[in-house]
Protein chains: 2
Amino acid sequence: MDLETLKLLADPLRAQIVALLARESLCVCHIVEETGAQQTNISNHLRALRRAGLVDTEPSGRYVYYRLRPHAIEALAAQLGELASTAARSSDQKRPCP
Amino acid sequence: MDLETLKLLADPLRAQIVALLARESLCVCHIVEETGAQQTNISNHLRALRRAGLVDTEPSGRYVYYRLRPHAIEALAAQLGELASTAARSSDQKRPCP
DNA sequence: CGCTGATGTCATCATGGGCTGTTACGTTAG
DNA sequence: CTAACGTAACAGCCCATGATGACATCAGCG
């Protein structure tokens with residue numbers, strides 16, 4: 001299980017950023033407008049997302065466009081789905097206690 | 001997006017507990033053995049998981065069996081999958097920056 | 001039935017890490 | 001050169017984690 005990605009997505013602001021980036025590529029100023037958070041704060045979170053490989057950057061003049069990489073999120077969704085199906089399949093398994 | 005569930009799964013120990021419970025129902029003492037963590041610590045994490053509706057309890061005499069409820073995890077996996085597919089679909093959308 | 005040991009929960013507290021804000025610096029358009 | 005955009009480094013605050021101790025519950029036994 002990819003705890004790194006999970007931890008990153010668990011923060012409200014980062015989750016909002018990821019949701020915004022899922023719809024379209026945005027530069028930092030757009031994200032600042034949408035979220036109302038401080039720019040440096042957004043930049044910090046974007047750095048974390050970048051280091052984890054969750055987003056891609058594309059400098060365009062003065063601006064930096066951010067794009068979501070679906071790869072990691074897709075893999076995480078698959079892992080969670082498998083976990084859920086495993087649980088549903090072995091719901092009657094019970095290890096004896098004493 | 002269910003940040004509550006996400007946050008709960010993002011902790012290493014809780015993730016391990018969930019992974020163990022996905023395979024079979026266990027009582028607390030089993031989880032203590034498998035993880036090597038303190039019992040009260042396990043109990044605290046199980047309480048958090050219980051309050052979020054991620055696990056079910058089934059008292060059996062002196063012991064308490066815990067079972068994973070796949071529902072929330074399944075829903076989360078679906079949401080993440082949809083997010084990833086949305087991102088993959090709109091990868092060329094780009095909002096113009098002034 | 002009363003006692004004892006084991007299991008599990010709850011309440012409380014200290015510590016560490018993450019989030020946020022401030023400041024400073026690099027970079028690019030005009 | 002100036003202003004705007006973005007990043008990086010640093011400090012403060014808060015919350016979650018983990019540990020300790022006390023309490024409730026149940027099986028086993030005399």
Side-chain angles (χ1 to χ4, degrees), chain A residues 1-21 25-68 94-98, chain B residues 1-21 25-68 94-98:
Chain A
M1 185 70 65
D2 190 354
L3 288 182
E4 177 84 12
T5 304
L6 220 41
K7 219 182 259 281
L8 287 173
L9 292 178
D11 181 73
L13 187 48
R14 275 196 298 264
Q16 193 180 356
I17 293 174
V18 168
L20 288 172
L21 289 179
S25 294
L26 298 170
C27 71
V28 181
C29 54
H30 289 142
I31 303 175
V32 169
E33 280 177 14
E34 297 276 355
T35 62
Q38 300 245 357
Q39 201 213 32
T40 59
N41 196 7
I42 297 293
S43 189
N44 278 330
H45 285 300
L46 284 173
R47 171 172 49 176
L49 294 173
R50 204 185 333 150
R51 283 182 178 164
L54 281 176
V55 299
D56 247 353
T57 68
E58 178 190 343
S60 164
R62 236 190 314 194
Y63 308 102
V64 177
Y65 274 94
Y66 280 82
R67 169 201 317 270
L68 189 63
K94 185 189 289 191
R95 187 190 299 192
C97 200
Chain B
M1 184 72 63
D2 190 355
L3 289 181
E4 178 82 14
T5 304
L6 218 44
K7 218 183 262 277
L8 287 173
L9 292 178
D11 181 75
L13 186 48
R14 276 197 298 264
Q16 193 180 356
I17 293 174
V18 168
L20 288 171
L21 289 178
S25 293
L26 297 170
C27 72
V28 181
C29 55
H30 289 141
I31 302 175
V32 169
E33 281 177 13
E34 297 276 355
T35 62
Q38 300 246 358
Q39 202 219 26
T40 59
N41 196 7
I42 296 292
S43 187
N44 280 330
H45 284 299
L46 284 173
R47 170 171 50 172
L49 293 173
R50 203 182 338 146
R51 284 182 177 165
L54 281 176
V55 299
D56 247 351
T57 67
E58 179 190 343
S60 165
R62 223 182 333 186
Y63 308 102
V64 177
Y65 274 93
Y66 280 82
R67 170 202 315 270
L68 189 62
K94 185 188 290 190
R95 188 190 298 193
C97 210

With axes from five pairs an end, tell me the bend angle of the helix from C/dC1-D/dG30 to C/dG30-D/dC1, nearest 10°.
->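 Rounded to the nearest 10 degrees, the bend comes out at 30°.
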If you round to the nearest 0.5 Å, how far is [atom2] of [Y] from [atom1] of [X]?
| X | Y | atom1 | atom2 | result |
| --- | --- | --- | --- | --- |
| A/L49 | A/N44 | CG | CG | 11.0 Å |
| B/L26 | B/L68 | CG | CG | 10.5 Å |
| A/E58 | A/C27 | CD | SG | 11.5 Å |
| A/L9 | B/M1 | CG | CE | 7.0 Å |
| A/Y65 | A/S25 | OH | OG | 8.5 Å |

What residues, two or more places apart in sequence or in another chain, satisfy salt bridge (Lys or Arg N to Asp or Glu O under 4.0 Å) together with B/R95?
->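 For B/R95 the salt bridge (Lys or Arg N to Asp or Glu O under 4.0 Å) partners, ignoring immediate neighbours, are A/E24, A/E34.
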Could you list where the contact with chain A starts and ends along DNA chain C, reading 5' to 3', using a 4.0 Å heavy-atom cut-off?
->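 Nucleotide range with atoms under 4.0 Å of chain A: C/dC19 to C/dA29.
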Would you kindly give the OH-to-P distance between A/Y63 and D/dA4, to the nearest whole Å?
->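 Roughly 11 Å, once rounded to whole Å.
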How close or far is atom P of D/dC23 from atom CZ of B/R47, stated in whole angstroms?
->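 Nearest whole value for this atom pair: 17 Å.
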Among all residues two or more places apart in sequence or in another chain, which pass the side chain to side chain contact (heavy atoms under 4.5 Å, CB included) test with [X]?
| X | answer |
| --- | --- |
| A/T40 | A/Q38 |
| B/A37 | B/L13, B/T35, B/I42 |
| B/R50 | B/R47, B/V55, B/T57, B/Y66 |

Does any residue of residues 3-16 of chain B have a heavy atom under 4.0 Å from DNA chain D, and if so, which ones, in number order?
->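 The answer is B/D11, B/L13, B/R14.
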Could you check which residues of residues 31-45 of chain A get a heavy atom under 4.0 Å from DNA chain D? Sort them by number, please.
->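 Those residues are A/Q39, A/T40, A/S43.
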Closest heavy-atom pair and its distance - B/P12, A/L3 |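 Residues B/P12 and A/L3, closest heavy atoms: CA-CD1, 3.6 Å.
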Closest heavy-atom contact between B/L8 and B/A52?
->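 For B/L8 and B/A52, the tightest heavy-atom pair comes out as CD1-CB, 3.2 Å.
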Which comes earlier along DNA chain C counting from the 5' end, the contact point of B/V28 or that of B/R51, where each point is its nearest nucleotide?
->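 Per heavy-atom nearest nucleotide, the more 5' residue is B/V28.
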Sequence neighbours excluded, every pair satisfying side-chain hydrogen bond (donor to acceptor under 3.5 Å, both in side chains) that has a member inside residues 1-20 of chain A |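 For residues 1-20 of chain A: A/D2-A/T5, A/R14-A/H45.
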Contact class for B/Y66 vs. all strands (heavy atom < 4.0 Å): base, sugar-phosphate, or nothing?
->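 The residue B/Y66 makes sugar-phosphate contact but no base contact.
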Beyond-backbone contact of B/V18 with B/L21, side-chain heavy atoms, under 4.5 angstrom =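 Answer no - side chains too far apart.
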Can you name the atoms? Protein N/O to nucleotides 25-28 of chain D N/O, anything below 3.5 Å, with the distance.
none

Under the side chain to side chain contact (heavy atoms under 4.5 Å, CB included) rule, what do A/I31 and A/L46 come out as? Steps first, then yes or no, please.
-> CA-CA 10 Å; A/I31 303 175; A/L46 284 173; 4.2 Å; yes
